[in-house]
Amino acid sequence: MADILHTSPAQPERIPIHASRSYDVVVGEDLLKDAGRYILQAVSPSAAVIVSDDLVYPLYGQTVEASLRKEGISVLSWTFPHGEDSKNASTLFSLLEFLAEKGLTRSDLIVALGGGVTGDMAGFAASIYLRGIPYVQIPTSLLAAVDSSVGGKTAIDLNAGKNLAGSFYQPRLVLCDIRTLDTLPDQEFSCGMAEVIKYGVLCDPELFALVENGEARLYLNDIIRRCVSIKRDLVMQDEYDTGSRQLLNLGHTLGHAVEKLSGYAVSHGSAVGIGMVAIARCAYAAGLTDADCSERIASALASYGLPTSCPYPAAELCQVILRDKKRSGDAINLVIPRAIGNTCLHRMKVDKLEAFFQNL
Ligand code: NAD
Ligand code: GLY
């Protein structure tokens, strides 16, 4: 715990990531006004397109634009309606057409300014436009700060399910300005807390203990650094998600099914929380998990106002899970919490899933 509760240094911290590409995640306060300077340390574009949604751009777009112009980079912006409903092929292709119409070249840059929807879609566009151009992530939601901006997974949703088209494509820089979270609505903050709680359950009981009573805002700076460091370790071990990185999917197999069945009315963070409680309950019933694990996870989520019970029956969820990209052949890897801070991958035949999920 002492390790987490140190007084945060005023200086921004650089957390280096070495994957197929090496880059830094810079975490600190009031960084946006210097975004251009940080970007030039990582890449040298002559032009940049800021991709953002219609809520985030009015808050932070001008600051980022001005900082890029100050460094001699010419800037365009492209915005889309906020929310998961926009994370689809139609929005992606509108963005690609915009990039082509404006003549962006391979030595230019995409700047993803926003939450996970913006980062996933802009990152995917960067990976396929001209067969790949550089991009940087500037996360502005807690979820994006602790998870989606780091590690290079990009995606859009297809009609059949979440994140079914995408790529592994690392950014050149992640610039996380914690002050942007000041404008994040409470409900969105809570969604990010589901992913923070996930990291605690995954491998960090001290982090879990720090946040389980609803007091995460007191330690935000340190919590973000801690989560990014955990993700860094897993991405560096297994960039392409064939082994240990799959642990980050704790709560996601059921969570993605809940999101899809709700028509994306249930947010990603809420759905991941529901998924974590459900898998812990089912794993306990199967003799794989400590008795108090699901209760502690549910209580931690509830302390941020997050839902904890699953609104869909096992049979409906299993129909969706069969189309999950994590399925291979007739089996799927489930992430099982054995105890808080101790998780494992558990391969299960898909025809056993419905019985396993009866104890949701
Ligand atoms: P989001 O991008 O839709 O942001 C949530 C809401 O918060 C939006 O309405 C947005 O406009 C608003 N917002 C963001 N920053 C704000 C700020 N500073 N002030 C005011 N409003 C702000 O969604 P999200 O919760 O950030 O991310 C969820 C997405 O991330 C999902 O699509 C999920 O699949 C994806 N995801 C990806 C990864 C990955 O590794 N690539 C990991 C986890 C989640
Ligand atoms: N959020 C899951 C991953 O990045 O692997």
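We use all heavy atoms of the structure for the numbers below, so side chains are in, but hydrogens, waters and symmetry mates are not. Counting starts at 1 for both ligands and their atoms, in listed order. For the single chain, residues carry numbers from 1 onward in sequence order.
- Between R245 and ligand 2, at least one N/O pair is under 3.5 Å apart.
- Counting heavy atoms closer than 4.0 Å to ligand 2, residue K231 contributes side-chain atoms (C-beta onward) but none from N, CA, C or O.
- The shortest N/O to N/O separation between K153 and ligand 2 falls below 3.5 Å.
- Under the 4.0 Å criterion applied to side-chain N and carboxylate O atoms, K153 and D241 are assigned as salt-bridge partners.
- Legend: residues meeting salt bridge (Lys or Arg N to Asp or Glu O under 4.0 Å) with E212, ordered by chain and number and at least two apart, are R296.
- Remark: R245 is not positioned above the aromatic ring of Y240, lacking an NZ or CZ atom under 6.0 angstrom from the ring centre and at most 45 degrees off the axis.
- Salt bridge annotation for D147-K231: present, with a cationic side-chain nitrogen under 4.0 angstrom from a carboxylate oxygen.
- Contact check on D24 versus R14 returns a salt bridge, with a Lys/Arg side-chain nitrogen under 4.0 Å from an Asp/Glu carboxylate oxygen.
- Ring orientation note: the planes of H268 and H256 are tilted relative to one another, at an angle of 30° to 60°.
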Give every pair formed by an N or O atom of ligand 1 and a protein N or O atom closer than 3.5 Å, one pair per line with both atom names and the distance to 0.1 Å, or write none.
residue  : atom   : partner : partner atom : Å
ligand 1 : 2 (O)  : G116    : N            : 3.1
ligand 1 : 2 (O)  : V117    : N            : 3.0
ligand 1 : 11 (O) : D53     : OD1          : 3.2
ligand 1 : 11 (O) : D53     : OD2          : 2.7
ligand 1 : 15 (N) : T140    : O            : 3.2
ligand 1 : 15 (N) : T140    : OG1          : 2.8
ligand 1 : 18 (N) : T140    : O            : 2.9
ligand 1 : 18 (N) : T180    : O            : 2.9
ligand 1 : 18 (N) : T183    : OG1          : 3.3
ligand 1 : 19 (N) : T183    : O            : 3.3
ligand 1 : 19 (N) : T183    : OG1          : 2.8
ligand 1 : 26 (O) : G116    : N            : 2.8
ligand 1 : 26 (O) : S141    : OG           : 2.6
ligand 1 : 27 (O) : G116    : N            : 3.2
ligand 1 : 32 (O) : E84     : OE1          : 2.6
ligand 1 : 32 (O) : E84     : OE2          : 3.3
ligand 1 : 32 (O) : K87     : NZ           : 2.8
ligand 1 : 32 (O) : K162    : NZ           : 3.3
ligand 1 : 34 (O) : K87     : NZ           : 3.1
ligand 1 : 34 (O) : K162    : NZ           : 2.6
ligand 1 : 40 (O) : K231    : NZ           : 3.4
ligand 1 : 41 (N) : D120    : OD1          : 2.9
ligand 1 : 41 (N) : K153    : O            : 2.9

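- Applying the 6.0 Å contact sphere to CD of Q187 captures no more than 12 heavy atoms from other residues, nucleotides or ligands.
- A salt bridge between D120 and K87 is present, with a side-chain N of the basic residue lying under 4.0 Å from a carboxylate O of the acidic one.
- Close contacts between ligand 2 and D147 involve ligand atoms 1 (N) [criterion: under 4.0 Å to a heavy atom].
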